[in-house]
Number of protein chains: 2
Amino acid sequence: MDVVAELRRALGAGRVLTAKEDLIPYSRDASYFEGPLPLAVAIPGTAEEAAEVLRIADEAGIPVVPRGGGTSVTGSSIPVEGGIVLSTRGLGGVRDVRPEDGYAIAGAGTPLGELDELLSRLGFMYPPDPSSSSAATVGGSIATNAGGLRGVSYGNTRCWVMGLRVALPGGRLLWVGGRALKRSAGYDLVSLFVGSEGTLGVITEAILRIAPRPEAVGRAVAYYGGMEAAASAVAELKRRGLPLLTAEFVDGPSLRAIEESFGIRAPEGAEYMLMVDVASTRESLRRHLDEVGAVLSGSSLSVELTADPARIDELTRARRGLYPALLGRRAPGQLVISMDVAVPPSELAAAMEEVRSASRSAGFEVIIAGHVGDGNFHPTIYVYPSAMDRARDLILEVGRIALRHGGSVSAEHGIGLEKRELLAEEAGAWLEAMRSIKAIFDPNGIMNRGKVL
Amino acid sequence: MDVVAELRRALGAGRVLTAKEDLIPYSRDASYFEGPLPLAVAIPGTAEEAAEVLRIADEAGIPVVPRGGGTSVTGSSIPVEGGIVLSTRGLGGVRDVRPEDGYAIAGAGTPLGELDELLSRLGFMYPPDPSSSSAATVGGSIATNAGGLRGVSYGNTRCWVMGLRVALPGGRLLWVGGRALKRSAGYDLVSLFVGSEGTLGVITEAILRIAPRPEAVGRAVAYYGGMEAAASAVAELKRRGLPLLTAEFVDGPSLRAIEESFGIRAPEGAEYMLMVDVASTRESLRRHLDEVGAVLSGSSLSVELTADPARIDELTRARRGLYPALLGRRAPGQLVISMDVAVPPSELAAAMEEVRSASRSAGFEVIIAGHVGDGNFHPTIYVYPSAMDRARDLILEVGRIALRHGGSVSAEHGIGLEKRELLAEEAGAWLEAMRSIKAIFDPNGIMNRGKVL
């Protein structure tokens, strides 16, 4: 069977890429992995066409790698075995927004930023907000159960997905879940697709739960000499039940990168910055900010409280720009590896200390930033290709540190190519059940082969 | 194999009931179904003992029905094929509460009311709050993905479960998920157990996400002549993004029952009452209540706004007491059947009208109450045993009405014995996948046989 000819017949020639220069970008994603060139890139323009791609591939036994914005940092979108890359960029667009019914419907290829802008105009939001939201797509963020900054108050993606349209190997196209805000009808197959990283099928469209934006948001920025003090302050904020919207932290090297790139200067001796947003009301914002300020100032070097949108924007740009800034600081030839683990927040300081120590032993300088409110942190290292073995060992060790502290080897980036060994350790006896579940939906094993399991 | 002797050896004689008078209560739950007497009731005192019960049952090929508070209204806890009822009442108790880490750990047999009282003292809550929360248990409410009054703002149970300890057929006892607030590590098996109604295994313990209680809560009560007007008012509240905590409604017959039982009088011509709670702050409660009042008063007969805890308590008692009051009004020999469906809120008025019409055609007077904010409503009918066939047909028709309006055949009560046929219609092609998933965890089919699938 001439698969490329079949794809061209199904999608039209313009939607099937095979020229080498067109394929190259699809052999990579935002991770440090490199894959071979795929056989072809298929860009279906409709859900039906996406299903047809899977029918053709399944019949031919050719692997399919679904790809959203290509922002995976664990290699989820790498075509390790060649085959067909199915790009969802022809499946974008917000179809419907229904605040009165609590949902929005968007195509898988819709960038999260586009959805957010539209909802924002109505005073609503789709809470998951990975830092990459200008490029990350609805489908890709669902497939990795993405988190983001607002995770501390709104939880992960899985709480916000009501229904999915899914193309399955063999070519079936089905809705699962739907527009009802409550459902207790058999096993939760929607949640099974959330976080499945394209190993079960291709998400083509999603019904997403939305929420009103907070009426007023204020921000506290505090600097600390050590993580222990910063983490204790956040624990106290949470014990008091203060309305935290986000609770971010960055470490000393991150502060220096931010200062260089964005001109935001930290006080002398600062080794950690906390950035805490409170979600409040017009009348209560000042009091809530003051309450947050009182807790943070206890052991901090300095605290700034602001409700000024311009200042908040400036700080947001710096926080969101941190990863790009770190990317920009690598030496020629170096790769940037950004890890992602979660522990219970009270274990954060201890787990981070172990990560620092393991990094030192492995010969890497580590930079740590993350979402302190939910115990999710991202150690970043610069690696020359010659040191990749040591880096791989460190990635494993960081995952194991998280497990020892009661956490998870992946908080919001997924497993991809990077963490299969760690998933096996975390899942233990459940891994076999996961394999059996995969076989139900993808009996011929064409979907995102070599990933997750 | 003498299964009863084995159970006695494993649990001690006092934890295995076999006397007829002890078994009778376990042949029923809160539904209208009646089952045979089970062979035995096993009341494990530890998770390990629960696993041992499953090991013994699996080896003997004897069915097991897990049972929490016995509050199922769809027959989930009925031992249709006899066998062993595994009661979780020996597995209760809140083990740990960690506001700083965002979770509480509780045994499956813990009544939700007990958990709520404890969390409440710390200013926190576990948001799912089925009306039966004084009797419903942690394990049972997870197994049915229970909703409740706060569903409109906090979603269903599935968003609030971080980890589960599960006993599986064959006798394995495993944790799935855990204490990390974020996790993107393989397929979401936690969500698979949420809503599985005891068909995959027995939940023995749960790690639950908790949230701060709202700082200030106020209530608006408005009366309407028709559902259209009431539903439009709630749609407008939602479009404006007002901070709704709950949005309940009851119909005319419910109002009369409430007046009789609780002395709360509705104005002349009232056929619907809306009860809307706003979650606000100390400084903003008055304004938020006024904003809600302005929207509700547009087409209502009267509106009452209150922030008085005593008045709020009185109204809450009436709303929570409605179902017991309806139970008390049945004629001798009548059964009470309370249905449970969900539609997108904008379809609520039309769907309810069809339900009324179908009920009339079937010869039943229907009483409707529900959670208007999330489109979940409960039609209740009184049925003499001789009319059960007509009632069964009406239950099917009500489910189909929900499906035609883009909804679900079960919002928060599960499938149980009652809705297997409806689940097949809702799940369609996915039903086969659900059956295959069940076979992975319960290959010999001992778990809650005859339910859900």
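Proteins get letters first, then strands, A, B, ... in listed order; numbering begins at 1 in each. We use all heavy atoms of the structure for the numbers below, so side chains are in, but hydrogens, waters and symmetry mates are not.
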Looking only at heavy atoms, what is the nearest atom pair of B/R165 and B/L173, with distance? NH2-CD2, 3.4 Å
Under a 4.0 Å threshold between the charged nitrogen and the carboxylate oxygen, would B/R286 count as salt-bridged to A/E283? no
Least distance between heavy atoms, B/V343 atom then B/A351 atom: CG1-CB, 4.1 Å
Is chain A contacted by the side chain of B/D374, its backbone, both, or neither, given a heavy-atom distance below 4.5 Å? both
Using a 4.5 angstrom heavy-atom cutoff, name the option from B/L122, B/V409, B/V176 with the most pairs to chain A. B/V176
Using a 4.5 angstrom heavy-atom cutoff, name the option from B/P99, B/P345, B/S196, B/G102 with the most pairs to chain A. B/P345
Which atoms of A/L189 approach chain B - backbone, side chain, both or neither, heavy atom under 4.5 Å: side chain
Given that the side chain runs from C-beta out, which part of A/A427 has a heavy atom under 4.5 Å from chain B: side chain, backbone, both or neither? neither
If only atom types and distance count, is the side chain of A/D188 paired as donor or acceptor with the main-chain N or O of B/V194 below 3.5 Å? no
For chain B, find which of A/P344, A/A402, A/A180 contributes the most heavy-atom pairs closer than 4.5 angstrom. A/P344
Residue A/R179 versus chain B: region with a heavy atom under 4.5 Å: both
Any idea which of A/S280, A/G375, A/G406, A/G407 has the most non-hydrogen atom pairs under 4.5 angstrom with chain B? A/G406
Side chain, backbone, both or neither: which part of A/W160 has a heavy atom under 4.5 Å from chain B? neither
Proximal component of A/L348, with respect to chain B [non-hydrogen, under 4.5 Å]: neither
So which of A/A439, A/G123, A/G186, A/S153 has the largest heavy-atom pair count under 4.5 angstrom toward chain B? A/G186
Structural part of A/N156 lying under 4.5 Å from a heavy atom of chain B: side chain
Shorter than 4.5 Å, heavy atoms on both sides: which option in B/G195, B/G428, B/G414 has the most such pairs with chain A? B/G414
Should B/E291 and B/R240 count as an ion pair when the cut-off is N to O under 4.0 Å? no
Contact class of A/L174 relative to chain B, heavy atoms under 4.5 angstrom: both
One option among A/P212, A/S184, A/G178 has the most heavy-atom pairs under 4.5 Å with chain B, and it is A/S184
Would you mind telling me which of B/G177, B/S436, B/P243 has the largest number of heavy-atom pairs within less than 4.5 Å of chain A? B/S436
Quick one: does A/R420's side chain have a donor or acceptor within less than 3.5 Å of a partner on A/L453's backbone? yes
Go through the atoms of A/K419 and report whether side chain, backbone, both or neither lie under 4.5 Å from a heavy atom of chain B. neither
Using a cut-off of under 4.5 Å on heavy-atom pairs, state which of A/V452, A/I437, A/L242 scores highest against chain B. A/I437
Which answer fits A/L192, side chain, backbone, both or neither, if we ask what part of it has an atom under 4.5 Å from a heavy atom of chain B? both
Any side-chain heavy-atom pair from B/I401 and B/R404 closer than 4.5 angstrom? yes
Is the backbone of A/R183 close enough, under 3.5 Å, to the side chain of B/N145 for a donor and an acceptor to pair up by distance? yes
Is A/E236 in contact with chain B via its backbone, its side chain, both, or neither, using a 4.5 Å heavy-atom distance? neither
Flag the one option from A/A235, A/S346, A/G147 with the top tally of heavy-atom pairs under 4.5 Å to chain B. A/S346
Is there side-chain contact between A/E426 and A/S408, with heavy atoms separated by less than 4.5 Å? yes
Contact check, side chains of B/F441 and B/F193, non-hydrogen atoms, under 4.5 Å: yes
Residue among B/L181, B/D340, B/L237 with most heavy-atom pairs under 4.5 Å to chain A: B/L181
If one checks every heavy atom of A/Y154 against chain B at 4.5 Å, the contacting part turns out to be backbone
Which heavy atom of A/S410 sits nearest a heavy atom of A/H413, and at what distance? OG-N, 3.7 Å
Atom group of A/H371 that falls short of 4.5 Å from chain B, counting heavy atoms: side chain
Does A/E100 use its side chain to pair, donor to acceptor, with the backbone of B/R239 at less than 3.5 Å? no
Part of A/R172 within contact of chain B (heavy atom distance under 4.5 Å): side chain
Examine whether an atom of B/T199 lies under 4.5 Å from a heavy atom of chain A, and if so say whether it belongs to the side chain, the backbone or both; otherwise answer neither. both
Test item: B/K182 side-chain N/O and A/G148 main-chain N/O as donor-acceptor pair under 3.5 Å: yes
Check A/V234 against A/G373 and note the closest heavy-atom contact, atom names and distance. CG1-CA, 4.3 Å
Give the member of B/R98, B/E412, B/R158, B/E347 that has the highest number of heavy-atom pairs under 4.5 Å with chain A. B/R158
Could you tell me whether the side chain of B/L431 reaches within less than 4.5 Å of the side chain of B/L423, counting heavy atoms only? yes
Main chain of B/F124, side chain of B/R213: is a donor-acceptor contact present, judged purely on distance under 3.5 Å? yes
Bottom line for A/L168: the part with an atom under 4.5 Å from chain B's heavy atoms is side chain
